[in-house]
Amino acid sequence: MYAYDEFDQNLLTRRVAEFRQQTERYLDGRLSEDQFRPLRLMNGLYFELHAPMLRIAIPYGVLHADQLRTLARIARNYDRGFGHFTTRQNLQFNWPAVEMAPDILEELAGAQMHAMQTSGNCVRNITTDHLAGIAVDEIEDPRPWCELIRQWFTLHPEFLFLPRKFKIAVTGAPTDRAATLLNDIGLQIVRGDEGETGFRVLAGGGLGRTPVIGQVIREFLPRNELLAYLDAILRVYNQLGRRDNKHKARIKILVRETGVERFREMVEAEWRRVRERVPVVDSGEFESLRRQFALPAFEPVVDTAGFAARRMMEPAFARWLKHNTVDHRHAGYRAVFLSLKAPGQAPGDLDADRMDAVAALAERYSYAEIRTSHTQNLLLPHVRVDELHALWNALSALRLATPNIDGLTDMICCPGLDYCSLANAHSIPLAEEINERFAKIDAVHDIGELRINISGCMNACGHHHIGHIGILGVDKRGEEWYQLTLGGSAANNAALGERIGPAVARDAVVDAVDAIVRTYLEARLDDDEAFLQTYRRIGISPFKESVYGNPTR
Amino acid sequence: MATRRVDTDSVDERLVVDVDTAVTVDELVARAAGARRVRIQVPSFTDGRVFSQVRALSETSTFDGEVEVHGDLLPDQLPLLEQYGVADIVLENGMDAADRPGYIRVAYRERLLRTMSSPRADTESMESDTLEKGVTR
């Protein structure tokens, strides 16, 4: 894992001191609310509906056990004893006091963590594949590149006051688990003609009010040109991105309004200029960065017989194995998902006691490493197969073993009207109702991969556009209604969901989802045909009829 | 915004270029050629275009005069402008420049520019088709 040296630590200490000074100026009136806003956002501090919210960076979703313990301590001492994992692999505290924010940042700095650029109109946390470094299909580990990009854009003086926020995602595997088609810049590590690795560069993707799928602006970028090329894109965007309307300020609107061909020409022209200033990424220097992400020295695993027998004899264990663990690059190991979507729990929330418990399990079973996923779950990335059963027992006791990863009850959900000042509608209580209704049905029918995403408003923090079933809260004459979409996806064949019909009332949403699921179960060819495949095969009409009834002819 | 003649009697009249942040970098660099001073007016501290403008002025070979930035700026933004060699910064919003925190002297970018400093083999002949295939160094 990446470990800070003196330079990193010193920078962070100074950054905390700077923010402490800025907070003091806000509290004593030298900075107005408006003037403080960009400064606090760049340090992760929001002012929300009921209280401030502090978003802490988990760079590319990698956490050490000690860091998770630090988060637990902060949750206890400064918040209400829990934290919320986000779709950008970060963690949010929903109840800190403004005056305490600098102290929290100081405690984080002690654990090599920060909240820099987790909000504001700047380059945000770089996200990646939660299986980075261990995925069976991976071309190259994307994390060293993510770290290089993080460093380059941390306090980059040119790009701290962009037209709008800027999100970059990197995948090192052909199977895109990082939603690179739906970020401001998506980077896909690919092989060139001579087997060397480089990047396919996409731009202009994003969700929010105007969802757009990103377009390729360069099929192959030599790896050493990465920083220069990213700088070029940011320079074009910083100059020409719209600043007259915040809803039209993302790079996706610029790409759409200029046209991708013209946008590409501008970037390439800017790149030629930038190249005179920004050096190529030095292979030797990069290699020393890359070494920091070396995988643990895995042991040969011998006792797999006991594991196989247990899988045969214990159906509940087998079911968990099937849904909540995935293949690991190294034979004898698996990556284990910890579901933060147990019934009755707000999706993505984890209390301090269980953070400590997970940290201890990570030390015992996974080389002290924890990952966060886009789907608001955690992973222990390197678990020996002969220790899976013991881990399963421990996770079950912590209610972190609900076998629902990528399933119907593994919902992605924004904080909604319970916390957010922008929301039209609640999302967490709705997720709970859906979970209650379907937990048993799923166990009987094995519904398989079916992603439900819930957003409380059109800003789309719950990414409803890419849910296989998307649910969007809308305000209808002061009442909470919900608009359903079908067929969205953030994977390689990314698609935006299609509206199924008029919005439905709050008390009809769960029935509508029920009707959609039953239509799928009746129509699927076999248990292996997932919801999205069935939907793409039979189209939206049968689902529409199941929700709204047969139209009168 | 058109170039504003500051003082028609001044001998430096031709040599002072006044712009705001709406001027594109290309146009700004063209106008700044040979000028003694470029003055950029910033309408709002949220308008980050000024940072790309001053960066471009610091990089072009056709302008070696001084850059002045004035307008609605936060003291906290001064270090950012100074990194691009801005000589004079005037806060026109009543804020006190002495409030700048100024704790951070060097961020990652400076270090990376220093450490990742492999010279480019092909800077002089940057043909796009050689780039398509990858840069050999």
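The figures that follow rest on heavy atoms only: side chains count, while hydrogens, waters and symmetry mates do not. In what follows, every chain begins at residue 1, and chains take the letters A, B, ... in the order their sequences are listed.
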Checklist line | A:Arg242, CZ: over 12 other non-hydrogen atoms inside 6.0 angstrom | finding: yes
Next item on the list: Any chance you could measure A:Leu155, atom CG, to B:Glu110, atom CD, to the nearest 0.5 Å?
Entry: 9.0 Å
Item checked: Shortest non-hydrogen contact from A:Arg273 toward B:Asp26 -> NH2-OD1, 3.4 Å
Note to self: For B:Val54, which atoms come within 4.5 Å of any heavy atom of chain A: side chain, backbone, both, or neither?
What the structure shows: neither
Check: Given that the side chain runs from C-beta out, which part of A:Glu24 has a heavy atom under 4.5 Å from chain B: side chain, backbone, both or neither?
Finding: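 Contact with chain B is absent: no heavy atom of A:Glu24 under 4.5 Å.
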Next item on the list: Check each atom of A:Gln22 against the heavy atoms of chain B and say whether the ones under 4.5 Å are side chain, backbone, both or neither.
Entry: side chain
Note to self: How long is the straight-line distance from CZ of A:Phe161 back to CG of B:Leu73, given to the nearest 0.5 Å?
What the structure shows: 9.5 Å
Check: Relative to chain A, which segment of B:Gln53 carries a heavy atom at a distance below 4.5 Å: side chain, backbone, both, or neither?
Finding: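 B:Gln53 has no heavy atom closer than 4.5 Å to chain A.
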Check: chain A heavy atoms under 4.5 Å from B:Asp96: which part of the residue, side chain, backbone, both or neither?
Finding: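 Interface part for B:Asp96: neither.
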Note to self: Which label fits B:Tyr108 and A:Phe7: parallel for a plane angle under 30°, tilted from 30 to 60°, or perpendicular past 60°?
What the structure shows: tilted
Next item on the list: For A:Leu31 and B:Met95, work out which heavy atoms get closest and say how close.
Entry: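 Where A:Leu31 meets B:Met95 most closely, the heavy atoms are CD2-CE, 3.6 Å.
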Checklist line | Audit row: B:Ser52, A:Gln239, side-chain hydrogen bond (donor to acceptor under 3.5 Å, both in side chains) steps and yes/no | finding: CA-CA 7 Å; B:Ser52 286; A:Gln239 281 186 67; 5.4 Å; no
Next item on the list: Grab the two heavy atoms, one from A:Arg15 and one from B:Ile104, that are nearest each other, plus how far apart they are.
Entry: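 Shortest heavy-atom separation between A:Arg15 and B:Ile104 comes out as CD-CD1, 3.7 Å.
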Check: Does the pair A:Trp152 and B:Leu113 meet the rule for a side-chain contact (heavy atoms from CB on, under 4.5 Å), with working shown?
Finding: CA-CA 9 Å; A:Trp152 183 251; B:Leu113 283 171; 3.7 Å; yes
Next item on the list: Please state whether the side chain, the backbone, both or neither of A:Leu160 comes within less than 4.5 Å of a heavy atom of chain B.
Entry: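 Just the side chain, heavy atoms under 4.5 Å.
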Notebook entry, point to check: Taking the side chain from A:Arg243 and the backbone from B:Thr46, do they hold a donor-acceptor pair closer than 3.5 Å?
Noted result: yes
Notebook entry, point to check: Would B:Arg111 and A:Glu6 pass as an ion pair if we require N to O under 4.0 Å?
Noted result: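 The answer is no: the pair does not qualify as a salt bridge.
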Notebook entry, point to check: Picking from B:Gly48, B:Ala107, B:Pro75, which has the most non-hydrogen pairs under 4.5 angstrom with chain A?
Noted result: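 The candidate making the most pairs under 4.5 Å is B:Gly48.
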Note to self: Restricting to non-hydrogen atoms, name the atom on A:Gln21 and the atom on B:Tyr103 that form the minimum distance, rounded to 0.1 Å.
What the structure shows: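 Nearest pair, atom of A:Gln21 first, then B:Tyr103: CB-CE1, 4.0 Å.
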Margin query: Is it the case that over 12 heavy atoms from other parts of the model lie below 6.0 angstrom from the CG atom of B:Asn93?
Written below: yes
Item checked: Side chain / backbone / both / neither for A:Asn10 at chain B, heavy atoms under 4.5 Å ->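 Neither; nothing under 4.5 Å.
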Next item on the list: Below 4.5 Å from any heavy atom of chain A, which atoms of B:Gln83 appear? Answer side chain, backbone, both or neither.
Entry: side chain
Note to self: What part of B:Arg109 gets within 4.5 angstrom of chain A, counting heavy atoms only: side chain, backbone, both, or neither?
What the structure shows: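 B:Arg109 touches chain A through backbone and side-chain heavy atoms alike.
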Checklist line | Reported CG-to-NE2 distance for the pair B:Leu112 and A:His156, which is rounded to 0.5 angstrom | finding: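 Nearest 0.5 Å value for the CG-NE2 distance: 10.0 Å.
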Note to self: Is A:Arg25 in contact with chain B via its backbone, its side chain, both, or neither, using a 4.5 Å heavy-atom distance?
What the structure shows: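 Only the side chain of A:Arg25 comes within 4.5 Å of chain B.
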Next item on the list: List the steps and the verdict of side-chain contact (heavy atoms from CB on, under 4.5 Å) for B:Tyr84 and A:Glu158.
Entry: CA-CA 9 Å; B:Tyr84 293 114; A:Glu158 192 176 346; 3.4 Å; yes
Check: Is it the side chain or the backbone of A:Arg30 that comes within 4.5 Å of chain B heavy atoms, both, or neither?
Finding: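 Both the backbone and the side chain of A:Arg30 come within 4.5 Å of chain B.
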Notebook entry, point to check: Please walk me through it: do A:Glu276 and B:Glu59 pass side-chain contact (heavy atoms from CB on, under 4.5 Å)?
Noted result: CA-CA 9 Å; A:Glu276 295 173 21; B:Glu59 290 177 358; over 6 Å; no
Next item on the list: With a 4.5 angstrom heavy-atom cut-off, could you sort out which part of A:Gln35 is near chain B: side chain, backbone, both or neither?
Entry: both
Notebook entry, point to check: Closest heavy-atom contact between B:Thr115 and A:Asp282?
Noted result: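 It is O-CB, 4.3 Å.
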